[in-house]
Amino acid sequence: MSTLEQMRAELQELNLQILDLMNQRAALSKAIGEVKRKQGTNKFDPEFERHMLNQIAEHNKGPFEDSTVQHLFKQIFKACLDLQQDSSKKLLLVSRKKKAEDTVVQIGDVKVGVAGQPLMIAGPCSVESLEQVREVAKALKAQGIGILRGGAYKPRTSPYDFQGLGVEGLEILRQVGDEFGLKVISEIVNPSDIEMATKYVDVIQIGARNMQNFELLKAAGRVNTPVLLKRGLSATIEEFIYAAEYILSNGNTNVMLCERGIRTYEKATRNTLDISAVPILKQETHLPVFVDVTHSTGRRDLLLPTARAAVAIGADGVMVEVHPDPETALSDAKQQLSIPQFNEFMSELRATKLSQI
Ligand code: PEP
Ligand code: MN
């Protein structure tokens, strides 16, 4: 055996010794975790960890720097602590691993999240008047669409832009919903309005700008009304999933997710539709997933192709904005569909073989 080979053999022997010691340490750490669980004491003890790290530095003879060995040991400590956690507790309530079957959200008699049965949510960006909402509702009814949207509290970029009609808007939406037998959805921006909103809407929308408004998420979690949670403007999928977890962990399991485009450097569209988020969210969670084609593209000419893509990729529904006279709309005038355009959009989308919508 050459010297190099001999040294390598020794190295491997040392690896195995380290491995054995690490696993002995892990087993001991697990046993400690069990004792602590029975005592009801905290698993992580920062004082003891500090003591161990100091002891390691004191006994370190090199050639490693103290900081290097401390870093390596810290990784071992962390891995041991992770072992102490109950593995089922580590799973998020929203995760597919926790619940394998699809969640079907029941909005009255409307079921959301049934495989192969995508739904459409349509309506004006903002509720502006009773007549305006009625006209849109009539068009929805004629198309056999069951869920009417309309913003009453508008989170506008500029404080000088139309802010929505507030409660009056919710009243209009409810009145029209009842008149036409439609379920209604509207965005709520203030945690203290959640309770009140449940009296008017069938679905509470939490908008992109509020995806990480944790008090709002918690308040929405404390009621039973279904919630449509939109992805934040610059939120990662992980952050989006955690935001949904806030709602579920507070008790409300009727949650639907909505991809609505994210902010990128691309200027051709208002936002960049992250279409791959749909199958990722479907794999990672058991919740229904929608695609809002209006806010993700900001372009009328892209509504149909993106809606087709959404259905083809497995979305549980599509959201689109419709206004009787988009040019005069108080918000999002540029991308809302007129009623004839909406009818055209629906028939084109339905003509797509893939779509049952
Ligand atoms: C909306 O749907 O009315 C809206 C404001 O969308 P987002 O929160 O996705 O911007
Ligand atoms: Mn809008």
Side-chain angles (χ1 to χ4, degrees), residues 119-128 132-133 136 147-159 161-166 169-170 172-173 183-190 193 197 201-213 216-217 220 226-235 237 239-240 243-244 247 255-264 269-275 277-278 281 289-300 302-303 306-307 310 315 317-338 341-342:
L119 294 175
M120 181 64 72
I121 298 178
C125 182
S126 301
V127 172
E128 296 168 8
Q132 172 232 18
V133 181
V136 178
I147 313 174
L148 170 69
R149 63 149 285 146
Y153 297 92
K154 296 304 297 178
R156 305 303 299 280
T157 302
S158 164
D161 286 340
F162 177 61
Q163 300 287 307
L165 297 180
L170 295 181
I172 292 175
L173 208 54
K183 305 294 173 228
V184 299
I185 167 169
S186 199
E187 177 170 352
I188 300 301
V189 295
N190 192 332
D193 284 343
V201 299
D202 303 295
V203 183
I204 291 166
Q205 181 170 317
I206 294 186
R209 287 153 197 81
N210 275 310
M211 189 206 82
Q212 283 191 320
N213 180 340
L216 185 64
L217 298 173
V227 177
L228 181 84
L229 175 66
K230 291 188 134 195
R231 181 175 180 180
L233 272 64
S234 305
I237 291 176
E239 288 164 339
F240 190 18
I247 306 174
V255 177
M256 299 165 279
L257 304 173
C258 182
E259 160 62 36
R260 48 77 71 205
I262 48 174
R263 189 163 278 185
T264 69
T269 46
R270 177 167 162 180
N271 290 290
T272 297
L273 173 59
D274 180 8
I275 197 75
V278 177
L281 290 166
V289 180
F290 278 77
V291 172
D292 172 345
V293 288
T294 301
H295 296 99
S296 53
T297 65
R299 283 175 50 163
R300 250 177 229 136
L302 298 180
L303 300 178
T306 49
V318 171
M319 180 185 268
V320 70
E321 287 185 349
V322 190
H323 192 284
D325 183 12
E327 260 68 86
T328 65
L330 296 175
S331 56
D332 282 351
K334 220 174 86 199
Q335 64 260 28
Q336 299 197 62
L337 291 172
S338 67
Q341 284 166 340
F342 171 64

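Remember, it's 1-based here, ligands and their atoms both numbered in the order they're listed.
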Which N, O or S atom of Asp332 lies nearest to the Mn ion (ligand 2), by name: OD2
One pair per line, please: each N/O atom of ligand 1 matched with every protein N/O atom under 3.5 Å away, atom names first, then the distance to 0.1 Å.
from     : atom 1 : to     : atom 2 : distance (Å)
ligand 1 : 2 (O)  : Arg149 : NH1    : 2.7
ligand 1 : 2 (O)  : Gln205 : NE2    : 2.9
ligand 1 : 2 (O)  : Lys230 : NZ     : 2.8
ligand 1 : 3 (O)  : Arg149 : NH1    : 3.4
ligand 1 : 3 (O)  : Arg149 : NH2    : 2.8
ligand 1 : 3 (O)  : Lys154 : NZ     : 3.0
ligand 1 : 6 (O)  : Lys230 : NZ     : 2.9
ligand 1 : 8 (O)  : Ala208 : N      : 2.8
ligand 1 : 9 (O)  : Lys230 : NZ     : 2.9
ligand 1 : 9 (O)  : Arg260 : NE     : 2.6
ligand 1 : 10 (O) : Arg209 : NH1    : 2.9
ligand 1 : 10 (O) : Arg260 : NH2    : 2.8

Considering residues at least two apart in sequence or located in another chain, which fulfil the side-chain hydrogen bond (donor to acceptor under 3.5 Å, both in side chains) criterion with Thr272? Thr264
Below 4.0 angstrom, N of the basic side chain to O of the carboxylate: do Glu321 and Arg149 qualify? yes
Taking the side chain as everything from C-beta on, heavy atoms only, tell me whether Leu233 gets closer than 4.5 Å to Arg209. yes
Do the non-hydrogen side-chain atoms of Asp325 and Glu128 ever get within less than 4.5 Å of each other? no
Closest non-hydrogen atom pair, Gly123 against Gln336: O-OE1, 4.4 Å
Report, rounded to 10°, the angle at the Mn ion (ligand 2) between the two atoms NE2 (His295) and OE1 (Glu321). 100°
Work out which heavy atom in Phe290 is nearest to a heavy atom in Met256; give both atom names and the distance. CE1-SD, 4.0 Å
Side chain to side chain contact (heavy atoms under 4.5 Å, CB included) between Met211 and Glu239, intermediate numbers included: CA-CA 9 Å; Met211 189 206 82; Glu239 288 164 339; 4.1 Å; yes
